[in-house]
Amino acid sequence: MKRLDTDFFIRDVLEVAPDLLGKQIHLHNGENHRIFRINEVEAYRGMEDLACHASKGKTNRTEIMFHRGGYIYVYLIYGMYWMLNFVSGPDNIPQAVLIRGVEEFNGPGKLTRAMGIDKSYYGEDLTTSERIWVSDAKPVKKYNMGSRIGVDYAGEIWKNKPWRYYY
DNA sequence: AGCAAGATCGGT
DNA sequence: CCGATCTTGCTG
């Protein structure tokens with residue numbers, strides 16, 4: 001169970017996102033060690049992608065997306081739900097993969113609640129962290145693609161990109 | 001300082 | 001379809 005390293009995450013988000021399907025998120029909190037297999041993700045790609053938070057430029061919240069892949073981007077939505085994202089791509093190309101589902105829980109807000117993900121994970125480095133990382137696994141050959149959920153505000157071009165991957 | 005919007009979810 | 005709930009970023 002090899003930990004995914006920076007070489008995995010610094011690739012383009014359209015490669016990283018589907019490659020994350022089937023990979024396992026490890027959570028190590030004290031004596032508890034839990035593992036969740038990713039089964040649904042979405043890609044958010046650069047400043048031109050109007051669905052991507054980074055399209056509004058670099059702010060306190062989006063700053064982490066401008067780093068090289070491997071960091072965690074966490075934010076609160078609707079005052080209630082933490083969204084878990086993995087930064088991808090090289091420095092200064094803001095990209096992230098939203099973790100939408102794992103086998104035990106469907107829905108990005110439900111899985112973070114179950115996993116105990118909150119603001120304290122913002123900026124955590126998946127390639128070195130002691131409490132969260134992702135391990136390699138056989139690629140999922142057959143998966144589905146579709147438009148991203150909840151991004152109607154992004155306009156026709158971007159809301160219709162088939163950048164949601166699931167199996 | 002005030003305000004509008006939001007990568008959701010669960011209940012009508 | 002609608003409300004909950006609160007941080008963020010923009011405007012003044």
Side-chain angles (χ1 to χ4, degrees), chain A residues 4 8-25 27 34 36-90 92-126 129 132 134 140 143-167:
Chain A
L4 296 180
F8 178 90
F9 290 105
I10 63 174
R11 295 175 299 146
D12 190 276
V13 71
L14 297 184
E15 294 181 34
V16 174
D19 281 1
L20 278 171
L21 294 174
K23 301 293 190 282
Q24 295 170 310
I25 298 174
L27 282 166
R34 295 187 296 161
F36 302 90
R37 186 180 294 271
I38 299 169
N39 66 7
E40 183 178 2
V41 298
E42 279 176 1
Y44 289 86
R45 189 167 186 268
M47 299 193 67
E48 70 272 20
D49 176 5
L50 296 184
C52 180
H53 290 161
S55 65
K56 306 262 195 329
K58 189 186 283 191
T59 67
N60 248 18
R61 184 176 64 151
T62 64
E63 181 270 336
I64 195 66
M65 274 197 280
F66 288 78
H67 287 74
R68 60 127 174 94
Y71 290 101
I72 290 183
Y73 169 42
V74 172
Y75 66 92
L76 185 68
I77 190 66
Y78 301 117
M80 276 176 272
Y81 304 104
W82 295 103
M83 298 288 105
L84 174 64
N85 299 256
F86 298 160
V87 175
S88 70
N92 291 311
I93 305 291
Q95 305 181 335
V97 179
L98 169 66
I99 308 302
R100 283 200 70 87
V102 294
E103 288 187 348
E104 298 82 350
F105 309 97
N106 295 317
K110 287 195 286 189
L111 71 88
T112 52
R113 194 177 54 198
M115 295 167 84
I117 300 291
D118 61 17
K119 182 81 180 182
S120 73
Y121 283 80
Y122 182 97
E124 193 99 0
D125 189 346
L126 285 169
S129 174
I132 183 169
V134 185
V140 172
Y143 58 83
N144 307 295
M145 297 166 64
S147 53
R148 295 172 292 181
I149 306 293
V151 295
D152 288 354
Y153 61 84
E156 290 299 316
I157 306 260
W158 299 101
K159 86 178 189 191
N160 291 325
K161 292 284 185 189
W163 290 351
R164 171 170 163 254
Y165 308 86
Y166 59 101
Y167 66 85

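Note that these values count all heavy atoms, side chains included, but never hydrogens, waters or copies made by symmetry. Throughout, protein chains are lettered first and strands after them, A, B, ... in sequence-line order, and every chain is numbered starting at 1.
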What is the nucleic acid contact for Asn60(A), judged by heavy atoms within less than 4.0 Å: base, sugar-phosphate only, or nothing? sugar-phosphate

Taking any heavy-atom pair under 4.0 Å as a contact, classify Gly79(A): base, sugar-phosphate, or nothing.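 It contacts base atoms.
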
Exactly one candidate in Asn85(A), Asn39(A), Thr112(A), Leu84(A) meets side-chain contact (heavy atoms from CB on, under 4.5 Å) with Ile99(A); the answer is Leu84(A)

Which whole-number value in Å describes the distance from [X] [atom1] to [N] [atom2]?
{"X": "Ile77(A)", "N": "dA5(B)", "atom1": "CD1", "atom2": "P", "answer": "13 Å"}
{"X": "Met65(A)", "N": "dA7(B)", "atom1": "CE", "atom2": "P", "answer": "10 Å"}
{"X": "Asn106(A)", "N": "dG10(B)", "atom1": "CG", "atom2": "C1'", "answer": "15 Å"}
{"X": "Tyr81(A)", "N": "dG10(B)", "atom1": "OH", "atom2": "C1'", "answer": "7 Å"}
{"X": "Tyr78(A)", "N": "dA4(B)", "atom1": "OH", "atom2": "C1'", "answer": "13 Å"}
{"X": "Trp82(A)", "N": "dT5(C)", "atom1": "CH2", "atom2": "P", "answer": "16 Å"}
{"X": "Trp158(A)", "N": "dA7(B)", "atom1": "CH2", "atom2": "P", "answer": "16 Å"}
{"X": "Ile72(A)", "N": "dA7(B)", "atom1": "CD1", "atom2": "P", "answer": "19 Å"}

Hey, is the side chain of [X] poking within less than 4.0 Å of OP1 or OP2 on [N], counting only N and O atoms?
{"X": "Arg113(A)", "N": "dT8(B)", "answer": "no"}
{"X": "Tyr153(A)", "N": "dA7(B)", "answer": "yes"}
{"X": "Lys110(A)", "N": "dG10(B)", "answer": "yes"}
{"X": "Lys119(A)", "N": "dT8(C)", "answer": "yes"}

The Watson-Crick or G-U wobble partner of dA7(B), with both key distances under 3.5 Å, is none

Does the side-chain hydrogen bond (donor to acceptor under 3.5 Å, both in side chains) test come out yes or no for Glu103(A) and Tyr167(A), once each step is laid out? CA-CA 10 Å; Glu103(A) 288 187 348; Tyr167(A) 66 85; 3.0 Å; yes

Listed nucleotide nearest any side-chain atom of Leu76(A), set dG10(B), dA7(B), dC6(C) =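 Among the listed nucleotides, the one closest to the side chain of Leu76(A) is dC6(C).
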
Is Arg113(A) positioned over the aromatic face of Phe105(A), cation under 6.0 angstrom from the ring centre and no more than 45 degrees off axis?
no

The answer to which of Met80(A) and Arg61(A) contacts DNA chain C further toward the 5' end, by nearest nucleotide, is Met80(A)

*Which atom pair, heavy atoms only, marks the closest approach of Arg100(A) to Glu42(A)?*
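Scanning both residues, the minimum pair turns out to be CD-OE2, 3.1 Å.
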
Salt bridge Arg11(A)-Asp19(A), side-chain N to carboxylate O under 4.0 Å: yes

